[in-house]
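Report on the structure given below.
Only heavy atoms go into these numbers, but all of them, side chains included; no hydrogens, no water, no symmetry mates. Numbered from 1 within each chain, the chains take letters A, B, ... in sequence-line order.
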Amino acid sequence: MFEITEKTIDPNELVAKVDSARAGAISTFIGVTRNFTGDFHVDYLFYEAYHEMAIKMMKRIGEQTLEKFPIEKIAISHRIGRVNIGEASVVIAVSASHRAEAIEACHYAIDTLKELVPIWKKEFMVDGDQKWIANDPKWN
Amino acid sequence: MFEITEKTIDPNELVAKVDSARAGAISTFIGVTRNFTGDFHVDYLFYEAYHEMAIKMMKRIGEQTLEKFPIEKIAISHRIGRVNIGEASVVIAVSASHRAEAIEACHYAIDTLKELVPIWKKEFMVDGDQKWIANDPKWN
Amino acid sequence: MNVRVLLFAHLKEIAGESEISLELDAEATGATLLKKLTELYPAADAQKGYLRLSMDGEYLSEDGTIVPDSEIAVFPPVSGG
Amino acid sequence: MNVRVLLFAHLKEIAGESEISLELDAEATGATLLKKLTELYPAADAQKGYLRLSMDGEYLSEDGTIVPDSEIAVFPPVSGG
């Protein structure tokens, strides 16, 4: 499952998607909207996607992760639109026979997602300020 | 939260426990009862704990993980009694500001749990066979 | 050739549109397109190397040649996750 | 001294009890206790190094001295997770 959604993401749903008879281990990563960035007080975040390309890249990350690691299944869900503090912006779940593979594959998938998937985050501060963010710290 | 329970573990509950205003990343590990071990068909598993010592060791793993990694919170729940195929036997959730720390800390915690926490697993096969398992492959 | 260009994030805000069309020479490269875009929207002219390009959903380098009738997008470094 | 010993997993099944008491010399070590236990339950005499010991909820090595009135446990290698 590779989806972009405007609704709350339920991590348990992704866990259910990757469950398999051979999977002894499931690793999940949940990206959560933080209240603080440095000294600034974030009110909420807004995510925008280049939907078609983002889905294509998410599927490719899924395929690459399955090629690189001996895992069973992978699912990725990314939220767009307004995301409040404490809510999940992204959830990745990976199942595998063994734990190290599940964990390492999940790590690889989130790293690659943050590099490749065309989705952008705008921070809305409590003081009314707003700013588009880049994952590469060079551009912030 | 460090608990041993006879009930189904809900991963979302552990995620909620480790959520924090500074946590931008939550990593979870879910150990799931597998249907196959090599060529054998497992019917279900049964977990037994030295309850008092197991809780003590789980708390210590929590403290050590918090010392070793710049994380916010950690929660561990281990199930005992009968665990059916596809059900979670253990869930660990770790929150941190940054993803690498959350993922690495979660990996450390499950590795250490499998080494130190006095809990034992017995496999009940479909053919009626049953066998106590050791995590150290030397003893199986 | 006339090229359809999708804009995202702060570029979309600068242009006030999510899609524009640019007139480019045949065999134009990504760099030519970016130059044209930043002439049109000087506020989009962030530091060199800041803007990303894609063609038909694949990343395109500044050296890459724009293929007629392809879907081009221009956007800042991604920040999903 | 008389020591209370908790048994777990296959040891508990072999003994048919979850708790036994053993009579040990003062200053007895973990190794002495294991020897006594495996004399009592020959089926528990798995390969050397197989059995684990704890005292008051902390792992105890075979060299460790048994403290009177402590809670001792003997069990196989763990398999939680």
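Looking at A/A54, there are no atoms closer than 4.5 Å to chain C (heavy atoms on both sides), in backbone or side chain. There is no contact between A/R79 and chain C, counting heavy-atom distances below 4.5 Å. Residue A/Y47 touches chain C through its side chain alone, counting heavy-atom pairs closer than 4.5 Å. Of the atoms belonging to C/E13, it is side-chain heavy atoms, and not backbone ones, that fall under 4.5 Å from chain A. For a residue to count as touching a neighbouring chain, one of its non-hydrogen atoms must lie under 4.5 Å from one of that chain's; by this rule A/I76 does not touch chain C. Looking at A/K114, the atoms closer than 4.5 Å to chain C (heavy atoms on both sides) sit in the backbone and in the side chain alike.
When atom types are taken as modelled, the side chain of A/W120 and the backbone of C/P76 share a donor-acceptor pair closer than 3.5 angstrom. Panel note: side chain A/Y50, backbone C/L6; no donor-acceptor pair is recorded below 3.5 Å.
Put simply, of A/G31, A/A88, A/P118, the one with the most heavy-atom pairs under 4.5 Å next to chain C is A/P118.
Within 6.0 Å of CD in A/E52 there are 12 or fewer heavy atoms belonging to other residues, nucleotides or ligands. Within 6.0 Å of the CG atom in A/N84, the count of heavy atoms belonging to other residues, nucleotides or ligands exceeds 12. When the shell of 6.0 Å around CD of C/E19 is examined, it contains more than 12 heavy atoms from other residues, nucleotides or ligands. When the shell of 6.0 Å around NZ of A/K122 is examined, it contains more than 12 heavy atoms from other residues, nucleotides or ligands.
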* Asked: Stepwise, does the side chain to side chain contact (heavy atoms under 4.5 Å, CB included) test hold for C/E58 with A/M53?
  -> CA-CA 7 Å; C/E58 297 291 340; A/M53 181 175 171; 6.0 Å; no
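Counting all heavy atoms, side chain and backbone alike, C/P77 lies closest to A/A134 at CB-CB, 3.9 Å. Here the closest non-hydrogen pair linking C/V78 and A/L116 is CG2-N, 4.3 Å. Nearest heavy-atom pair, C/S79 versus A/K121, reported as atom, atom and distance to 0.1 Å: OG-N, 2.7 Å.
Between atom CZ of residue C/F75 and atom CH2 of residue A/W132 there is a gap of 13.0 Å, rounded to the nearest 0.5 Å. To the nearest 0.5 Å, the span separating OG on C/S54 from CE on A/M57 amounts to 8.0 Å. A/I133 contributes atom CD1, which lies 12.5 Å from atom NE2 of C/H10 (distance to the nearest 0.5 angstrom).
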